[in-house]
Amino acid sequence: MIARDVMTRSLVTVRPDMPVASLAALLSERGVSGVPVTDEKGCLLGIVTEGDLLRRIAAPRDEKPGLLAGLFGDTASLATRFSRAHGHTVADVMTREVETVTPGTPLPTIAALMEQRNIRRVPVVEEGMLLGVVSRADLLRALLAESPEATQADDAEIRRELARRLREQPWADRHFLHASVREGEVTLSGFARNPEVARALRVLAEEVPGVRRVTVDLAPPPPFMPRGMP
């Protein structure tokens, strides 16, 4: 799936000349934590969030930069910080450098971007025009929609697919693992070098089509068990 498939198209947007007080009222009334900022043609200019408004509340507590900081520091950054903390319009407080994606961006790429940048939403833009927004909630809904329904597979098919997937994982201690399958129920027995490997083995088995249940009966490895054996 791609951004176009899940993005929210009906958006609340604001103009850069909107007063900050009006913006605060809008966010409160609509129950949203942030909105895109666009011009009259619909081109994306930035994003303004609750965090931008909270910066204004915290501004009086900020330590004022000293004389040396003003002389040798990054004056542009200091000036921008002051404007965003004390400005009276959306243009003053909004975030201008916004991470965006295109309508064709795959959802895993968007999820990775949100995780890396610690952001809640990503505007979908094409040739500068705002088309929609993909939020974390949109990704979760897509994940639920893509969850595979119960797949019919006989025990032999499950064993073959499970063995194939285990061979692909360098952390799986296959030579010390026994997997039995009966009526779609998998039992993993043997040894796992740590709880993380045991958990990953359960997850791997649960993803095999046709598996209805996974039971893990794995013990810590004995002293003679090689640590790096594939």
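These numbers were taken from a predicted model, which means no experiment stands behind them. Atoms considered below: every heavy atom in the structure, side chains included; atoms not considered: hydrogens, waters and symmetry mates.
For the pair Asp39 (side chain) and Leu44 (backbone), a donor-acceptor distance under 3.5 Å is absent. In terms of modelled atom types and a separation under 3.5 Å, the side chain of Glu29 and the main chain of Leu26 share no donor-acceptor contact. Remark: side-chain polar atoms of Arg165 are paired, donor with acceptor, to backbone N or O of Glu207 under 3.5 angstrom. Counting only distance, with no hydrogens or angles, the side chain of Arg202 and the backbone of Val214 share no donor-acceptor pair below 3.5 Å. Looking at Arg9, its side chain does come within 3.5 Å of a backbone N or O of Arg4 through a donor-acceptor pair. Put simply, the side chain of Ser28 never gets that close to the backbone of Ala25: no donor and acceptor are under 3.5 Å apart.
The neighbour count for Arg117 CZ, taken as heavy atoms of other residues, nucleotides or ligands under 6.0 Å away, does not exceed 12. Taking a 6.0 Å sphere around CD of Glu196, one finds it holds more than 12 heavy atoms contributed by other residues, nucleotides or ligands. More than 12 heavy-atom neighbours from other residues, nucleotides or ligands sit within 6.0 angstrom of CD on Glu168. Summarising the local packing, CZ of Arg213 is surrounded by 12 or fewer heavy atoms from other residues, nucleotides or ligands at distances under 6.0 Å. For Arg120, the CZ atom is loosely surrounded, since the number of other residues' heavy atoms within 6.0 Å does not exceed 12.
Between Pro123 and Glu99 the shortest heavy-atom distance is CD-O, 3.2 Å. For Val211 against Val186, the heavy-atom pair with the smallest separation is CG2-CG2, 3.8 Å. The minimum heavy-atom distance between Ala153 and Pro209, with the atom names listed, is CB-O, 3.8 Å. Closest of all the heavy-atom pairs between Val133 and Pro36 is CG2-CG, 4.1 Å. Scanning both residues, Leu162 and Ala179, for their nearest heavy atoms gives CD2-CB, 3.6 Å. Across Leu107 and Ala142, no two heavy atoms sit closer than the pair CD1-CB, 3.6 Å.
No chain of hydrophobic side-chain contacts below 4.5 Å, direct or via other Ile, Leu, Val, Met, Phe, Trp or Tyr residues, connects Val32 to Leu140. A continuous path of hydrophobic side-chain contacts links Val216 to Leu204 [ILVMFWY only; heavy atoms under 4.5 Å]. Using a 4.5 Å cut-off between side-chain heavy atoms of Ile, Leu, Val, Met, Phe, Trp and Tyr, with links allowed through other members, Leu188 and Leu166 fall into the same hydrophobic cluster. Under the 4.5 Å side-chain heavy-atom criterion for Ile, Leu, Val, Met, Phe, Trp and Tyr, Ile2 and Val134 are members of distinct hydrophobic clusters.
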(request) Would you please test Glu185 and Arg182 for salt bridge (Lys or Arg N to Asp or Glu O under 4.0 Å) and show each step? (result) CA-CA 5 Å; Glu185 297 190 6; Arg182 183 176 181 180; over 6 Å; no
(request) Report the C-alpha separation of Thr215 and Thr187 in whole Å, then their side-chain angles, then the decisive distance to 0.1 Å, and conclude whether the side-chain contact (heavy atoms from CB on, under 4.5 Å) test is met. (result) CA-CA 5 Å; Thr215 299; Thr187 299; 4.1 Å; yes
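Taking the side chain as every heavy atom from C-beta outward, Leu113 and Thr109 never approach each other to under 4.5 Å. Here the side chains of Val14 and Val37 are in contact, with some heavy-atom distance below 4.5 Å. Side-chain contact between Met114 and Val122: present, with at least one pair of heavy atoms (C-beta onward) separated by less than 4.5 Å. Using a 4.5 Å heavy-atom threshold, the side chains of Arg15 and Thr13 count as touching.
The line from CG of Leu177 to CG of Leu218 is 6.0 Å long, rounded to the nearest 0.5 Å. For the atom pair Leu143 CG and Asp138 CG, the distance stands at 12.5 Å (nearest 0.5 Å). Rounded to the nearest 0.5 Å, atoms CD1 (Ile110) and CD1 (Ile119) are 10.0 Å apart. For the atom pair CZ (Arg121) and CG (Leu11), the distance works out to 10.5 Å, reported to the nearest 0.5 Å. Atoms NE2 and CG, on His88 and Leu23 in that order, are 14.0 Å from each other to the nearest 0.5 Å. The distance from atom CG of Leu53 to atom CG of Leu27, rounded to the nearest 0.5 Å, is 6.0 Å.
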